[in-house]
Amino acid sequence: MKIGIANDHAGVEYKKKLVKMLETRGIEVVSFGTDTADSVDYPDYAHALALAVEKGEVDKGIALCGTGNGMAITLNKHQGIRAGLAWGTAIGKLVAQHNNANVLVLPARFVSYAVASATVRAWLDTPFEGGRHQKRIDKIPCK
Ligand code: RB5
């Protein structure tokens, strides 16, 4: 499993910790984020991650910004991306189970690291349910 991770300055500290957590699970991580606290623009990193997921260069993605919304809005402009915002394990599971989100977005300024990390694990460990949810996902792309 290879995961891409994108972040702006608001997500940099959680990104660094998440990379370590993922690597201890044997997951290869490709970072598309900034590595410093200097102010940057989240779309620059969101688009890079989205393209890597769409091209199959990584299997899934994680994105972090302050609210999560800038990343989610940008990522979901890409037809091949289903980016889901989650802020706890229940939503982390559901965004995998129901939405088959190929990118998990975290609001770094609104959750503790413990919650962010648990949300990532819940999303990763939960399979997509398919069935009626697949039918709904098939209706998402703009025609
Ligand atoms: C950065 O200050 C902040 O605007 C950004 O991290 C994010 O919350 C945008 O949606």
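Atoms within a ligand are numbered from 1 in the order they appear, just like the ligands themselves. Note that the coordinates shown come from a computational prediction; the quantities given were computed from them, not determined experimentally. Excluded from the calculations below are hydrogen atoms, water molecules and symmetry mates; all remaining heavy atoms, backbone and side chain alike, are included.
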Below 3.5 Å, can you tabulate the donor-acceptor pairs from side chains in residues 79-91 to any protein atom, sequence neighbours excluded?
residue	atom	partner	partner atom	Å
Arg82	NE	Asn99	O	3.2
Arg82	NE	Asn100	O	3.0
Arg82	NH2	Asn100	O	2.9

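- At a cut-off of 3.5 Å, with distance as the only test, a side-chain donor of Glu54 or His78 sits close to an acceptor on the other residue.
- For Lys77, the side-chain contact (heavy atoms from CB on, under 4.5 Å) criterion is met by no residue, not counting sequence neighbours.
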Enumerate donor-acceptor pairs with a distance under 3.5 Å from any side-chain N or O in residues 6-14 to protein atoms, sequence neighbours excluded.
residue	atom	partner	partner atom	Å
Asn7	OD1	Lys15	NZ	2.7
Asn7	ND2	Thr34	O	2.9
Asp8	OD1	Ala10	N	2.9
Asp8	OD1	Gly11	N	3.4
His9	ND1	Val40	N	3.1
Tyr14	OH	Val111	O	2.6
Tyr14	OH	Tyr113	N	3.2

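- Separation of atoms CD1 (Ile3) and CG (Leu104) is listed at 9.0 Å; rounding is to 0.5 Å.
- In this structure, OG1 on Thr74 lies 11.0 Å from CG on Leu49, to the nearest 0.5 angstrom.
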Ligand 1 polar-atom proximity to protein (N/O, under 3.5 Å):
residue	atom	partner	partner atom	Å
ligand 1	2 (O)	Arg109	NH1	3.2
ligand 1	6 (O)	Asp8	OD2	2.6
ligand 1	6 (O)	Gly66	N	2.7
ligand 1	8 (O)	Gly66	N	3.3
ligand 1	8 (O)	Thr67	N	2.9
ligand 1	8 (O)	Thr67	OG1	3.3
ligand 1	10 (O)	Thr67	OG1	3.3
ligand 1	10 (O)	Gly70	N	2.9

